[in-house]
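Just so it is clear, the model here is predicted, and its values are computed rather than measured. Below, chains carry the letters A, B, ... as their sequence lines are ordered, and counting in each starts from 1.
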Protein chains: 2
Amino acid sequence: MYNFSDISIVLVETQSQGNLGAVARVMKNMGLSQLVLVDCQTEIGDESFRRSCGAEKLLENANQVTGLSNALAAFHLSIGTTSRSVRWFSAVHSPSDLTKNLVSLSSNQKVAIVFGPERTGLTNDHLKYCQWQLKIPTDSQFVSLNLAHAVAIVAYELYQGSSASRSAPKKPLKLAVKSQVEAFTQDLEKCLDEIEFLSKQNPEEVMMTLRQIFSRASLEERDVRILRGILRQWRWYAKMNKKS
Amino acid sequence: MYNFSDISIVLVETQSQGNLGAVARVMKNMGLSQLVLVDCQTEIGDESFRRSCGAEKLLENANQVTGLSNALAAFHLSIGTTSRSVRWFSAVHSPSDLTKNLVSLSSNQKVAIVFGPERTGLTNDHLKYCQWQLKIPTDSQFVSLNLAHAVAIVAYELYQGSSASRSAPKKPLKLAVKSQVEAFTQDLEKCLDEIEFLSKQNPEEVMMTLRQIFSRASLEERDVRILRGILRQWRWYAKMNKKS
């Protein structure tokens, strides 16, 4: 399977120091490490390091290149991110489509995902070096995404597709066995009968609703112990206070 | 089908002016418009408006509220975003899972997606007001996402879900509003105090467990009516049988 951590994020003519840092941060969040800066219009400065929040190394290791053509020369596949309709691209991928398509690549293919300058995005002159178009779905009335937000969304989808996220362990629930829940439900029914709640209602229907509530709650062993403890205590209280 | 544009983004104790603007911008990109600021630690200032890049109105219309409990009172479903493992949440959703689950809600249900302060994220004290956990998958070595990046990823998934054509859900849930569930929880606490159950245990811990049980149960309006009816009936019974 394709190794998503080999993908490079290529930023073209970036203007904002802060965006450099924000991009580095979210790349590291999503397990990406290869950053390429093409004709960068600012330096990697204090604001960049501040915004990177711990991804300084990724910034320091960024590959600075002159000219997009040079930058992409060694890549097997270059993908241009733009919301515009560009006539010559046959394939327009959403981030999730893209991830599905990349999965089928063999593991040694070098892939670049290219993002344009903040104010204009990628021009046709940039896009001519790209084979695929990547389009992030947005409200058609307000399509201009912040650069780091665009990278965040794409990197998130790539991470979703990577094996790293698939192997994340799930939290095991220690569910109570059915017989414990059943015993609690029967205790509850007795109590409700005693306080004459059931007689005023349709008993079958009320008990069914209560069963459903506790069934949706996915009760754990400890939960059932507490719930039964409440009913036991309530019996004790009722007995102690009973008129003789 | 559920109308995703009705979802509110709830930011708790936000510290950075810039993040307020960045969040507003990406919300507008993804067709969201309801922003709630809880105990906001900064003002909506020049830096917010600059970073919003055209989403000024969304910032101006933000609802400023004191206290998360107040902020969530009128919502049917509150979803807390955290990367921590929180024992009591049985359902931990990824952004894409969440979107799939929200599709099944009926169209008038108010949903809040809650994001914590930049430095700490949501604490357990915040999370106790939430029914579901939302966890954005990240590299386990570097989990702390920028606030606006987190909102960007979630809003992107919601937008994906809204534009995708999906078949109608089987039975839409009519969830109780948070204030109804809260009133029931408080009734319950009073009763447990009266029968001296809480004094024998760690009261905070027991109440937290009970809150979690009922939160996992996704209570509907009718469920809450029945549960409160039981407590009312129990009070009546206790009074009638009290030793004089």
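To the nearest 0.5 angstrom, B:H149 atom NE2 is 9.5 Å from A:I153 atom CD1. To the nearest 0.5 Å, atoms CD (B:Q160) and CD (A:E157) are separated by 6.5 Å. Once rounded to the nearest 0.5 Å, the distance linking CD of A:Q233 with CG of B:L192 reads 9.5 Å. Interatomic distance, B:I213 CD1 to A:E220 CD, rounded to the nearest 0.5 Å: 9.0 Å.
Neither the backbone nor the side chain of A:Q212 comes within less than 4.5 Å of any heavy atom of chain B. Contact of B:S52 with chain A is made through the backbone alone, with heavy-atom distances under 4.5 Å. For B:E194, the parts lying under 4.5 angstrom from a heavy atom of chain A are both the backbone and the side chain. Contact of B:A22 with chain A is made through backbone and side chain together, with heavy-atom distances under 4.5 Å. Looking at B:S215, neither its backbone nor its side chain comes within 4.5 Å of chain A, counting heavy atoms on both sides. Heavy atoms closer than 4.5 Å to chain B are found in the side chain of A:L227, but not in its backbone. B:R51 touches chain A through its side chain: at least one heavy atom from C-beta onward sits under 4.5 Å away, while N, CA, C and O do not. There is no contact between A:A150 and chain B, counting heavy-atom distances below 4.5 Å. Using a 4.5 Å cut-off between heavy atoms, B:I136 touches chain A through its side chain atoms alone.
Proximity of A:I195 to B:R232: side-chain heavy atoms (C-beta onward) are nowhere separated by under 4.5 Å.
When every heavy atom of A:F197 is checked against every heavy atom of B:I226, the shortest pair comes out as CZ-O, 3.8 Å. Of all non-hydrogen atoms in A:E196 and B:W236, the two that sit nearest each other are OE1-CH2, 4.0 Å. Counting all heavy atoms, side chain and backbone alike, A:P95 lies closest to B:Y156 at CB-OH, 3.4 Å. Of all heavy-atom pairs between A:L145 and B:M30, the closest is CD2-CE, 4.0 Å.
A donor-acceptor distance shorter than 3.5 angstrom exists from the side chain of B:N29 to the backbone of A:S144, with no hydrogens or angles considered. Between the side chain of A:Y159 and the backbone N or O of B:T138 there is at least one donor-acceptor pair closer than 3.5 Å.
Along residues 202-209 of chain A, the residues that come nearer than 4.5 angstrom to chain B, judged on non-hydrogen atoms, are A:E205, A:V206, A:T209 in order of number.
Contact tally against chain B (heavy-atom pairs below 4.5 Å) for A:L210, A:V26, A:V143, A:V151: the top residue is A:V26.
Checked against a 6.0 Å centroid threshold, the rings of B:W234 and A:Y237 count as neighbours.
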